[in-house]
A.B. asks: 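Please find one structure pasted underneath; my questions will follow.
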Amino acid sequence: MPMRSSQYLLSTKKETPASAEIISHQLMIRAGMIRKLASGMYTWLPSGLRVLNKVTNIVREEMVRAGALEILMPMVQPADLWQESGRWDEYGPELLRLNDRHKRDFVLGPTHEEVITNLVKREVSSYKQLPLNLFQIQTKFRDEVRPRFGVMRSREFIMKDAYSFHLTQESLETSYQNMFRAYCNIFERIGLSYRPVIADNGSIGGSMSHEFHVLADSGEDAIAFSTESDFAANVEMAELTPSNSAPDAPQGEMHLVETPKATTIAELVEQFPVAVEKTVKTLVVKASDSCESDLIALLVRGDHELNEVKAEKLDQVAAPLTFATEEEIRRSIGAGPGSLGPVNLPIPFIIDHSVASISDFAAGANIDGKHFFNINWQRDVEPGESADIRNVQAGDPSPDGNGVLEIKRGIEVGHIFQLGDKYSQSMNCGVLTESGKHQPLSMGCYGIGVTRIVAAAIEQNHDKFGITWPDAIAPFNVAIIPMNMHKSHRIQEAANQVYNQLLEAGIDVLIDDRKERPGVMFADMELVGIPHQIIIGERNLDEEKVEYKNRRSGEKQLMALNDIVGFVKGL
RNA sequence: CGGUGAGUAGCGCAGCUUGGUAGCGCACUUGUUUUGGGUACAAGGGGUCGCAGGUUCAAAUCCUGUCUCACCGACCA
C-alpha cells in the first residue's frame, strides 16, 4: 500500500530513549515502529506493523507451501488441559494463570501443545488422516522473569507455531526435515544471515531438536561452530569427548596452604603462583534419589564453566539442577563454598573429563581458608567418575572430529522439535492403525518468533543513520523525497507523477509531502530504513532528471524522470 | 525472587544536600526567516513533581509506607 507522509503516523524521534539497551530496540522506538504499554508489552505503530505483516506473510506462504494447514486457537486456555499434560505443575510462574467469573482456572497460552493435542484427539481417528501438520500465527503470553530488549524478549509476542502428527517415527522425521527446509526458505526469503544449530529440548520434551539463530553480537545465546565442517550447536548442547592423554607425572608433594583471602579461583590465581588451568572449581548441587547423598559435587577446571544442561542430565543429579545453599554446604562438608575440593570431600563427586587429565592442581581443602596444592589423582585422591559437564570454549575440538570450535552469539528465532509421544500419551491422543489397533501419535512442533524476527533483522541491518531493511520486509520499498514541493508546481507535478506510476505498479511507496526541510525528510526516511529513495529537485528537473539513492550502499545516480519508475520496478 | 538505581511537561534531564514563585533542551502551536542534509529569531500552550500518609505556618525537597520502571544476578520453548 502506498502512502503520503502527511497522512501517515511517522512518529520518529531524534533522541534515543534511555531505557532501550540494544540497537534494535532503540531504532524501533526512534523509527516509530513500537511503543511500550507496560513491561514486556508493546503497541505496533503503522511502520512497525507493516514490517511485521511482511514477515508474517512470508512465514505463512512458506508454511502453506510446505503443506501445513492454518488454524487459529484461543489464547486463553482451560487449566484442565494443562493438568492433563502435567505442565500445570511443571511450568512455573512463567505461565500466567487467571480465573473467570466462575472462579474456573485458565491460563494465557504460552504455547499450544495441549490445545492442539486435544483438538487432534477429537478430530482424527484413523491412520488414513495422517500425517497432519497444523499451524497458527498468534499472540502468545509468557510472564518472563525479566522482559528486556524491546520485542526481543517481551512477555506478549507473536509466534508461528506448527504441530505435526504421525503414526511412525519415520513419518515424523520426514515432516521434521520438511519443516527444516521450510525454515531455511523463510529466513532466506526474509534476507537474514542465519544458522540452524543442534539444540536442547528443554522443558518441552522430546528427542531431536534444532534452533535457528540469527547471528548478532547482541544475541543472548552462545553458538559453537566448527572451523572446518558445518557442525553448529548451541553451547548448551556441544559435547566434548574425554581426551586420551593421561595426567602428567606428579611434580611435587601435596601440601596444605593458608589461603584466607582466596575464596574464588580468580583470587587464588592472583595471590598464588598457580596457573588457572591447574585449578579445580567445586560446585555443589542437589543430588537425585539414585544417589546415596543429598548433595553431590561437580568439579570443573578453574578456567571452565559448568554446563547446567549437561549436568542436569546426569543420573546422580536432581532435575531441575539446583545449587546447594551455603548453609547446606556447611552442614554436610564443614566448610564454605570458597574452600571446597576433592580431597577429604565427604560427599560423592563427579569430575569433568578435563579435570581427569590434569596433574599437580590446586583446589580447596574443605577447611575454611585453606587450599591443597599439587594434588594428583590416584596418589592423593581417587578420581571417581568423570563426565562431560562443562561448556565448550573457543579452540576445543569439534564434536564431529573436524576442526576446532569457535563461539558466536545468536538470536533464537526458530526452534523445531521432535516431541515423540509425550503429549499424545498423557492426553491420550491416538488413532486406529491399519490392523485396528489403537496407537498414540508421534508429534513434532515447530516455532518461529515472528515479532523477534523483526528485532533480529534490525540487529543485523543498521548503520549510523538508522535501519537498513532487507527489501523483503521493509515497511516501504521506495521513498519519494521532493525538495520544496510546496513552493514549486514542477516538483509537485513530477513527484505526483512518479508516485502515481509506482502506485499503479503495485510498489510500496511513501511520498514525503510534509512541509519539512530537506534535512528532516532525508533523516526520517533513512531512520525508517526505506531501501530506495527518489529525490526530486529543481536543479535536476531542469534536465528532466531525478536522483536515485540506495539506502544501504549510499550510492546515488541521476536518472531521466521518465526512466525512474522502470528502474525501480526492476530492482 | 535477591542486589542496585530511577520516577518532575510527550521525550531526555536539572532542581532535592540547605523546605518558601517548578525550570532547561528536544518535540508541539503561531509568525517571520531559511530551502539539497535535523535553519535562525520571536511569541505561546502544556506539569495535582508516581501514589498514600506524616512532620511543618509552608513539602518536588524532610520522614514512613506503597506502586511502577530500568540495570545486574538467578530463571527461561
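In what follows, every chain begins at residue 1, and chains take the letters A, B, ... in the order their sequences are listed. Everything quoted here is computed from the prediction, not taken from an experiment. Values below: all heavy atoms of this structure, side chains included; hydrogens, waters and symmetry mates excluded.
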A.B. asks: In the strands shown, is B/G73 matched to any nucleotide by a Watson-Crick or G-U wobble pair with both distances under 3.5 Å, and which?
C.D. replies: B/C1
A.B. asks: Looking at B/G12, B/G38, B/C75, which one has an atom nearest to any side-chain atom of A/D524?
C.D. replies: B/G38
A.B. asks: Starting from P on B/U39, measure out to NZ on A/K515 and report it in whole angstrom.
C.D. replies: 16 Å
A.B. asks: Which nucleotide in the list B/C69, B/G37, B/G38 gets nearest to the side chain of A/P518?
C.D. replies: B/G37
A.B. asks: How are the rings of A/F417 and A/H415 set to each other: parallel, tilted or perpendicular (split at 30° and 60°)?
C.D. replies: parallel
A.B. asks: What nucleic acid atoms does A/Y446 come within less than 4.0 Å of, heavy atoms only: base, sugar-phosphate, or nothing?
C.D. replies: nothing
A.B. asks: Between B/G47 and B/A9, how far is it from one C1' atom to the other, in whole Å?
C.D. replies: 5 Å
A.B. asks: Of the candidate nucleotides B/C26, B/C75, B/G37, which contains the atom at the shortest distance from the side chain of A/E308?
C.D. replies: B/C75
A.B. asks: For A/S6 and A/D513, test the side chains for any donor-to-acceptor distance below 3.5 angstrom and give the result as yes or no.
C.D. replies: yes
A.B. asks: Could you check how far CZ of A/F149 sits from P of B/C71, rounded to whole Å?
C.D. replies: 7 Å
A.B. asks: If I pick the C1' atom on B/U18 and the same atom on B/A6, what distance separates them, to the nearest angstrom?
C.D. replies: 23 Å
A.B. asks: Let's test your reading of the model: under 3.5 Å, does the base of B/G10 pair with the side chain of A/K36 as donor and acceptor?
C.D. replies: no
A.B. asks: Taking only the side-chain heavy atoms of A/E526 (C-beta and beyond), determine which of B/G38, B/C76, B/G37 contains the nearest atom.
C.D. replies: B/G37
A.B. asks: Side chain of A/M483: nearest nucleotide among B/C1, B/C11, B/G36?
C.D. replies: B/G36
A.B. asks: Where the side chain of A/E144 is defined as all heavy atoms beyond and including C-beta, which of B/C69, B/C76, B/G38 is the nearest nucleotide?
C.D. replies: B/C76
A.B. asks: Judged by modelled atom types alone, do A/Y446 and A/S175 share a side-chain donor-acceptor pair under 3.5 Å?
C.D. replies: no
A.B. asks: Check whether the side chain of A/E538 and the base of B/G36 form a donor-acceptor pair under 3.5 Å.
C.D. replies: no
A.B. asks: Measure the distance from CG on A/L9 to P on B/G10 and round it to the nearest whole Å.
C.D. replies: 17 Å
A.B. asks: Nearest of B/C69, B/C71, B/C75 to any side-chain atom of A/E21?
C.D. replies: B/C71
A.B. asks: Nearest to the side chain of A/R146, heavy atoms from C-beta on, is which of B/G73, B/G37, B/G38?
C.D. replies: B/G73
A.B. asks: Using Watson-Crick or G-U wobble geometry with both distances below 3.5 Å, tell me the partner of B/A6, or none.
C.D. replies: B/U68
A.B. asks: Testing the basics here: between A/A31 and A/I467, what is the closest heavy-atom pair and its distance to 0.1 Å?
C.D. replies: CB-CD1, 4.1 Å
A.B. asks: Taking side chain as C-beta onward, heavy atoms only, is A/F476 less than 4.5 Å from A/Y8?
C.D. replies: yes
A.B. asks: Just checking A/G537: base, sugar-phosphate only, or nothing, at a heavy-atom cut-off of under 4.0 Å?
C.D. replies: base
A.B. asks: Does any part of the side chain of A/N550, heavy atoms only, come nearer than 4.5 Å to the side chain of A/H532, both counted from C-beta?
C.D. replies: yes
A.B. asks: Tell me the partner of B/C62, counting only Watson-Crick (N1-N3 plus N6-O4 or O6-N4) or G-U wobble (N1-O2 and O6-N3) with both under 3.5 Å; none if nothing fits.
C.D. replies: B/G54
A.B. asks: Given B/A27, is OP1 or OP2 found less than 4.0 Å from the side-chain N or O atoms of A/K13?
C.D. replies: no
A.B. asks: B/C76 P sits how many Å from A/L96 CG, rounded?
C.D. replies: 18 Å
A.B. asks: To the nearest Å, how far apart are A/R452 CZ and B/C76 C1'?
C.D. replies: 10 Å
A.B. asks: What interatomic distance, in whole Å, is found between C1' of B/G46 and the corresponding atom of B/G38?
C.D. replies: 24 Å
A.B. asks: Between B/A70 and A/S39, is there an OP1 or OP2 to side-chain N/O distance shorter than 4.0 Å?
C.D. replies: yes
A.B. asks: When you compare B/C57 with B/G12, how far apart are their P atoms, in angstrom units rounded to a whole number?
C.D. replies: 38 Å
A.B. asks: Could you tell me how far B/U61 sits from B/G20 if I compare only their P atoms? Round to whole Å.
C.D. replies: 10 Å
A.B. asks: Assign each of A/V520 and A/N484 to its nearest nucleotide of RNA chain B by heavy atoms, then name whichever residue's nucleotide is nearer the 5' end.
C.D. replies: A/N484
A.B. asks: Which base sits across from B/G36 as a Watson-Crick or G-U pair, both distances under 3.5 Å?
C.D. replies: none
A.B. asks: Expressed as a whole number of angstroms, how long is the span from A/E516:CD to B/U29:P?
C.D. replies: 9 Å
A.B. asks: Would you mind classifying the nucleic acid contact of A/M521 as base, sugar-phosphate or nothing, using non-hydrogen atoms under 4.0 angstrom?
C.D. replies: nothing
A.B. asks: Searching all strands shown, indicate the nucleotide that pairs with B/U29 (Watson-Crick or G-U wobble; both distances under 3.5 Å).
C.D. replies: B/A43
A.B. asks: Please verify the inter-ring angle class for A/H210 with A/Y176; under 30° counts as parallel, over 60° as perpendicular, anything in between as tilted.
C.D. replies: tilted
A.B. asks: For B/C24, give its Watson-Crick or G-U wobble partner with both distances under 3.5 Å, or none.
C.D. replies: B/G12
A.B. asks: In whole angstrom, give the distance that lies between atom CE of A/M525 and atom C1' of B/G38.
C.D. replies: 13 Å
A.B. asks: Could you check whether the rings of A/F567 and A/Y548 sit parallel, tilted or perpendicular, using 30° and 60° as the cut-offs?
C.D. replies: perpendicular
A.B. asks: Between B/C69 atom C1' and A/R148 atom CZ, what is the distance in whole Å?
C.D. replies: 15 Å
A.B. asks: Choose from B/A70, B/G38, B/C11 the nucleotide whose nearest atom is closest to any side-chain atom of A/R517.
C.D. replies: B/G38
A.B. asks: Apply the syn/anti split at 90° from 0 to B/U21 and say which one it is.
C.D. replies: syn
A.B. asks: Considering only atom P, compute the distance from B/G25 to B/A14 and round it to an integer number of Å.
C.D. replies: 16 Å
A.B. asks: Does A/S85 reach the main-chain N or O of A/W82 with its side chain, forming a donor-acceptor pair under 3.5 Å?
C.D. replies: yes
A.B. asks: Distance between the C1' atoms of B/A60 and B/A22, in whole angstroms?
C.D. replies: 8 Å
A.B. asks: I want to verify a distance call: between B/C75, B/G36, B/U35, whose nearest atom is closest to the A/K487 side chain?
C.D. replies: B/U35
A.B. asks: Taking atom C1' in both B/G44 and B/C13, compute the distance separating them and give it to the nearest angstrom.
C.D. replies: 22 Å
A.B. asks: Under 4.0 Å, heavy atoms only, any strand: does A/I481 hit a base, just the sugar-phosphate, or nothing?
C.D. replies: nothing
A.B. asks: For the side chain of A/N540 and the base of B/G36, is some donor closer than 3.5 Å to an acceptor across the two?
C.D. replies: yes
